[in-house]
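Only one structure is covered here, and it is reproduced in the block below.
Each chain gets a letter, A, B and so on, in the order its sequence line appears, and its residues count up from 1. Computation of the quantities below employed the complete heavy-atom set of this structure, encompassing side-chain atoms and omitting hydrogens, waters and symmetry-equivalent molecules.
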Amino acid sequence: MKLEFTPIYYDYIDYHGKNYVIMIGRTKENKRVCIIDYFPASFYAILDEKTGDKKIEELKKEIEKKRIELPSRTTKVEKISLEEKNFLGKQVKAFKIFITNHKDSHKIAELLDYKEIIARREYDIPLITKYIKEKEINPMEWYSAEGEILTGSSDFSGITSIDADFCIMAEKIEKIPDKEFNPKILAFDIEAEEFEIGKGEILMISLYSESFMDNSVNPSTLFQNYPDRKFCEKRDTANRIFYKKVLTWKKCTKKQDFVECFSSEAEMLEKFVEYVKKLSPDFLVGYFSDGFDLPYLRARAEYNRIKLSLGLDNSQPSFARGRISSGNIFGIVHIDLFRFIETIFSQYLQSETLGLDEVASELLGLGKKEFEFKPQNKLSQEDWKDFFDYNLHDSKITFLLAEKLWPDVLEISKIIQEPIFDITRNGMSQLVESYILHNLDEYNEIAEKRPIHEEIGKRRNLGKYEGAFVFQPTPGLYENLAFFDFTSMYSSVIVSYNLSLSTFLKKKEKNALEVNLGEEGLVYFSKLKGFFPDLLEKIIEKRKKYKSEYKKNPSPITKARSNAYKLIANAAYGYQGFFGARYYCREAAASTAALSRKNILEVIEKIQKAEYKVVYSDTDSIAFILENKTKERALELLEKINKNLPGIMALELEDFYKRGIWVAKKTTDTGAKKKYALITENNKMKIRGFETVRRDWCPLARALQSKVLELILKQGNEKEALELVKKTIKNLKERKVQREEIMIRTQLKKPLSEYKSITPHVIAAEKMKQVGMPVDIGMLIHYFIAETREKKSLVREKVKLPDEKGEYNLDYYLNHQIIPAVENIFDVFSINIKELAEGRKQTKLSGF
DNA sequence: GTACACTACATACC
DNA sequence: ACTGGTATGTAGTGTAC
């Protein structure tokens, strides 16, 4: 049998003690296939360069005898080959040792205790990663596979019970040109009685999906085996049909045909499993479903003593431990969109929180439905109806989000070459590392090992190294500014100076690059191109290529591709400085920062020598005043500077600005760093660091500050802005300010009990807990500061929750929100807002 | 009892 | 623990006078 498919899901099983990789994929005819491929595990043993051929032969014979006996299996060395490889910049001879079972590779590696073997490597790479790396069968690309169809008569360890159209034992797999692939996405969402996992009943479960068929199919035939086929939505303008359903065992109404009612929670759960199986999606998508929906379903299934057999082999979801456990369903890729957005996609968002409502509003222009939660017994028939709508709507926006983010998920998976399950959950360092691992073969390089616990401890104890340079600004309002910045500065420094673990030299060598790390002394790097900088250079080139491709042909895919390369390039520097990295190199990271400082300081000097006044600089950007010079002259200077920059480093024009303001720190009168506001000739604002952009300030103060900055920057003076402040203070004093304007939001970053300092938001969180509201790490706590009967000195004693009765605390909002937000802006014009507010208050309160 | 230094914490910039 | 360092600013905490 021969078929063409794209691998979507990867896993492996043991059969007679050996490892078989299982890929679940789709053919272009939309058939689900399961490809099984024998894959022998292996690792490397690197030999001391002095080892002679005779000794090598002896060692080989010795190693061939190694074996491990376990009750369940015997793992032995199956085969050894001697290979010429590279390892951290050196040519080495290494044994590639094939063993029976990957799970024992660590143990077998430990048995190789010979003085001639100087290092053992790659026993710690997950089998799937190794499989993809060595056999080059990448997720979401296309392959043809030949092999025998596994039938019921086969004794292959229950494999034939996998719910797929075909299951084959691969004999040959070959790359074929990519084909179009439309993912089958099924979104789901649950509503439960209690917030705590498994504590309450699951009231309802919603499903939302595009009905998986081509346009020629009549919807009425699609779910013909279903009692509920009429619940398919009609075709939309794009000729698409959607499947929507709410499963519940609570009060059903006849008016909502998408609601299906069952007699018990258990029956509802069983039907949920059945429907997911019938819909047969490639991706089951939730929002925060690793942390809530899936574990909740499992807990309730357990409680009801039923099996949540969602897996294609009828297995239940498994939860890998980690900071957040990841819910894996065999054969179906479970995606928790929240995790993907949190680690990867949030950088492209403006949203201040990453809740479904805000993220969906931003990306889709469609937020959550409003619904007021109440205890079950307080819900009217009408409330239940709204509740079902609400639940379905959550699945709907989750589905639409998944579609929206699909190009990014797809491109990242293809570029990183790891399955979608992993890339939607792994952090930035893991993505960079996977990219490196999958590209090592280009350099014939053996992979470095993952640091063990002890090593991580050592690395962390080394402490921080000196980072970026930030220019000390002078407070003031400036006109006619130019902003230059380095393109991907740290990455370009790594490439240009060849900074990495494999190029780092333990001692000075001839022709080496010497980097001065200040107090930490001198370090040296080889000028022979290392694989890490070389790989990074290629990433940057690809980013450039795909960026211009995107500009020529803008589409979500070209954009996603360009962004994915940018993502890796930007994370490379942090990766080398990250204690958990295989290719951790503190010296390289510290040198990257040092050489970046050196370069930006040199550029600052050049700009100053060309008689411009530099007003600010942070890490990779420089702002300066054009004074009487033209923009063209500034651009000529830019060209000139670029000619003398090392390697691939490049400086570019960020923009020209009509005006810019820098303010003083609140404690001293020196200029504050990382805090400024700019405006272009087209009145486009760029505000950095100010309270306006900080979510832990109340909207009133933020909006006022933002408006004040705008007025000042547009007009070049403070007059109108001052009037606005006066008006706002008057309003505040007259108690005309709406409650939502004075609400403060602060994130709870750890469990309540771990706070050493009891801050206002901790008190607010405790209050929430008391009234039975859900409180969890990561939540934004909303509260306001109220007037109190007795005089209280601490802010936390005046904290009230949004729906508590009480007046806002005038003194607090005046002196701790409004005035601090605008005080240092008016200081630039020698106006003392505080005196103004107080002075008027004493003489004539009504003036405000 | 309050002034001050210091710490804890959250959030931003790049 | 889940990329790095630099920076501001608020509120709480502890201590001296």
Original post:
Which part of the nucleic acid does A:Tyr465 contact within heavy-atom distance under 4.0 Å: base, sugar-phosphate only, or nothing?
Top reply: sugar-phosphate
Original post:
What does A:Tyr812 touch in the nucleic acid at a heavy-atom separation under 4.0 angstrom: a base, only the sugar-phosphate, or nothing?
Top reply: sugar-phosphate
Subject >> Atom-to-atom span, CD of A:Gln817 to P of C:dA11 - whole angstrom >> reply: 7 Å
Original post:
Can you say whether the rings of A:Phe345 and A:Tyr348 are parallel (under 30°), tilted (30 to 60°) or perpendicular (over 60°)?
Top reply: perpendicular
Original post:
Hey, what's the ring geometry for A:Trp662 with A:Tyr676, parallel, tilted or perpendicular (30° and 60° as the breaks)?
Top reply: parallel
**OP:** For the side chain of A:Ser757, starting at C-beta, report the closest nucleotide among C:dT3, C:dT13, C:dG9.
**Re:** C:dT13
Original post:
Quick check: does any side chain N or O of A:His761 sit under 3.5 Å from a backbone N or O of A:Gln747, one acting as donor and the other as acceptor?
Top reply: yes
**OP:** With the side chain of A:Val693 defined as its heavy atoms from C-beta on, choose the nearest nucleotide among C:dG4, B:dA12, C:dA11.
**Re:** B:dA12
**OP:** Rounded off to whole Å, could you give me the CG-to-P distance for the A:Asp696 and B:dA12 pair?
**Re:** 7 Å
Subject >> Whole angstrom value for the distance that separates P of B:dT11 from CZ of A:Arg745 >> reply: 10 Å
**OP:** Indicate whether any N or O donor in one side chain lies under 3.5 Å from an N or O acceptor in the other, for A:Asp422 and A:Asn426.
**Re:** no
Original post:
For A:Gln430, which contact category applies under a 4.0 Å heavy-atom criterion: base, sugar-phosphate, or nothing?
Top reply: nothing
Original post:
With sugar-phosphate meaning primed atoms plus P, OP1 and OP2, does A:Lys464 contact a base, only sugar-phosphate, or nothing at under 4.0 Å between heavy atoms?
Top reply: base
Original post:
What is the nucleic acid contact for A:Leu794, judged by heavy atoms within less than 4.0 Å: base, sugar-phosphate only, or nothing?
Top reply: sugar-phosphate
**OP:** Using whole Å, report how far CH2 of A:Trp697 lies from P of C:dT10.
**Re:** 5 Å
Subject >> Nearest-neighbour nucleotide for the A:Arg695 side chain, C:dT13, C:dT8, B:dA12 considered >> reply: B:dA12
**OP:** Round to the nearest Å and state the distance from A:Arg688 atom CZ to B:dA12 atom C1'.
**Re:** 10 Å
Original post:
Could you state the CG-P distance from A:Asn570 to B:dC13, rounded to the nearest angstrom?
Top reply: 16 Å
Original post:
For residues A:Glu418 and A:Thr129, is any side-chain donor paired with an opposing acceptor at under 3.5 Å?
Top reply: yes
**OP:** Among the candidates C:dG9, C:dA1, C:dG12, find the nucleotide nearest to the side-chain atoms of A:Pro760.
**Re:** C:dG12
**OP:** Mind checking A:Gly577 for me? I need base, sugar-phosphate or nothing, with any heavy atom below 4.0 Å counting as a touch.
**Re:** sugar-phosphate
**OP:** Would you mind classifying the nucleic acid contact of A:Tyr676 as base, sugar-phosphate or nothing, using non-hydrogen atoms under 4.0 angstrom?
**Re:** sugar-phosphate
Original post:
Within the structure shown, what part of the strands sits under 4.0 Å from A:Gly689 by heavy-atom distance: base, sugar-phosphate, or nothing?
Top reply: sugar-phosphate
Original post:
Would you say a side-chain N or O of A:Ser429 is under 4.0 Å from OP1 or OP2 of C:dT3?
Top reply: yes
Original post:
A:Ile744 has an atom CD1; how far is it from atom P of B:dA10, in whole Å?
Top reply: 15 Å
Original post:
How close or far is atom C1' of B:dC13 from atom CG of A:Asp618, stated in whole angstroms?
Top reply: 6 Å
